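Note that the structure is a prediction, hence the values are computed from the model and not measured.
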2 protein chains.
Amino acid sequence: MAPRARTAPRKKPRQQRSQATVDAILDATARVLCSTGYDRASTNRIAMAAGVSVGSLYQYFPSKEALVAALVERHTASMTALVKSKLAEVATAPLAEACRTMIDAMFEAHAVDPRLHKVLIEQVPRVGRLEQVVSVEREVEALVALFLEARKSELRRSRLGATAFVLCNVVEAVTHAAVLAELEPKRAREVADELTDMVLRYLPADC
Amino acid sequence: MAPRARTAPRKKPRQQRSQATVDAILDATARVLCSTGYDRASTNRIAMAAGVSVGSLYQYFPSKEALVAALVERHTASMTALVKSKLAEVATAPLAEACRTMIDAMFEAHAVDPRLHKVLIEQVPRVGRLEQVVSVEREVEALVALFLEARKSELRRSRLGATAFVLCNVVEAVTHAAVLAELEPKRAREVADELTDMVLRYLPADC
DNA sequence: GGAATATGCGAGCTATCGCTCATATCGACA
DNA sequence: TGTCGATATGAGCGATAGCTCGCATATTCC
């Protein structure tokens, strides 16, 4: 493997004008990524789209990879926050309702910025820091495993680790597919229902 | 979006020595892709790794994208062949056994060259020709739909097209995830079993 | 106001990329 | 053995990438 690029942010913005610059750069990164794809999204182009010089960009992001990593982080953070809070909300709800709510939450979370999400998933090489960022999924998986553990008596499952793994990936996959296919809302509802149905046949002890 | 690069092969090898060259180039592409990642896998580097000059490379592949596309095609072909033959084998087997066999086959197929598979999935930008290649999945999906059609009476689902879609995506997703997460064999078995169980609760009429 | 610091600028450096082409060598058939 | 298309070569072209650095400007603090 080649030597890893620096990814730690070079400096922190201290004044509000520089914070605005950083935001503008990240926004521009998202736009350029969506419109040109990863390969053609050069730092010069991004800086120009942000109305900022390359120099400024490199004051806050030591490499292109770090820049994209920061964007991914910002994007996933907003998604994960939503999912986590919902998960906390349904901690004591009946199993069926909890599942329904969580699947809906996943659809919501993916609807935040679908175009950007698609580009990030499909085009951004998951190397270096980027792969760590994506591993937020692991965290969610662990939370789901805990959730299942707490409902142990209601479930037919015993290997809850494997169950959480399958569960998370299945829900993720279908949600992704639905978002990427840009289904109209009604059809998305159908898919969500279908998915919920599947999960509720899989999990509970009673059948 | 940028203009699409040429991807059709430039010429076909007519002598066996040139066929050897083409193979060497594809093998080298796989190796370099695995060891350096997509971005650093330059055509010069690949040619050198193949013990061949860049010129020779460009006699058979009009662009880097075409080169990678050819590799993806070769890789998916070997995977798809395995899945298809298994699907034919279980055409008359009991539903439960068929599902179990097919899911195992999927895990097997993904285990052919996991390192390469991972790189191809994670790093290769899915643009141009590459996305078409991935659409081999559609073909498999159609076969699965036919399979389901033949078992219509045993299933609780009615819209078999949609069922095939969900089924393929779910199995694909979990298998992918298992490979990418580099699960140890024992855990992979658990996940496969869970997945099988889930599918067998989803499909059959009796429950 | 003025020193100190933070921020912004952008021409341009270096490296490397994908790719071409003039030339050399090989192989099949006469 | 000679001929000619198929195959192989690799120096190097033009383009563009990521990134630096000397300097200009804005802000803060005294």
Polar side chain donor-acceptor pair, A/Gln19 to A/Tyr60, under 3.5 angstrom: no
Integer-rounded Å distance: D/dA17 P and A/Tyr38 OH: 13 Å
Results of side chain to side chain donor-acceptor pair (under 3.5 Å) for B/Lys152 - residues two or more places apart only: B/Glu149
Charged N-O contact under 4.0 Å between B/Asp27 and B/Arg74: yes
B/Thr21 vs D/dA8: side-chain N/O to OP1/OP2 distance below 4.0 Å: yes
Listed nucleotide nearest any side-chain atom of B/Ser42, set D/dT27, C/dC17, D/dT7: C/dC17
A/Gln19 CD to D/dA26 C1', straight-line distance once rounded to whole Å: 17 Å
Nearest-angstrom distance from the residue atom CG of B/Leu67 to P of C/dC19: 10 Å
Length of the NZ-C1' vector between B/Lys64 and D/dA15, whole Å: 15 Å
Cationic N near anionic O, under 4.0 Å, B/Asp104 to B/Arg100: no
Of the listed nucleotides C/dC19, D/dC19, C/dT7, the one nearest the side chain of A/Tyr58: D/dC19
D/dT7 OP1/OP2 closer than 4.0 Å to side-chain N/O of B/Ser18: yes
Whole-Å distance separating the CD1 atom of A/Ile46 from the P atom of D/dT16: 17 Å
Where at least one partner belongs to residues 65-84 of chain A, residue pairs that pass ring pair (Phe, Tyr, Trp, His ring centres under 6.0 Å), sequence neighbours excluded: A/His75-A/His117
Shortest non-hydrogen contact from A/Leu155 toward A/Leu160: CD1-CD2, 4.1 Å
Distances under 3.5 Å between protein N/O atoms and the N/O atoms of nucleotides 10-13 of chain C, please, pair by pair.
{"residue": "C/dG10", "atom": "N7", "partner": "A/Ser53", "partner atom": "OG", "Å": "3.3"}
{"residue": "C/dG10", "atom": "N7", "partner": "A/Gly55", "partner atom": "N", "Å": "3.4"}
{"residue": "C/dG10", "atom": "O6", "partner": "A/Gly55", "partner atom": "N", "Å": "3.4"}

Euclidean distance, atom CG of residue B/Asp39 to atom P of D/dG18 [Å, nearest integer]: 9 Å
Between D/dA15 (P) and A/Arg45 (CZ): distance, integer Å: 15 Å
Expected output: side-chain A/Arg45 to main-chain A/Arg40 donor-acceptor under 3.5 Å: yes
Residue-phosphate contact under 4.0 Å: A/Thr43 side-chain N/O, D/dG18 OP1/OP2: yes
Integer-rounded Å distance: D/dT28 C1' and A/Arg17 CZ: 10 Å
Options C/dT7, D/dA8, D/dC19, nucleotide nearest the side-chain atoms of A/Gln15: C/dT7
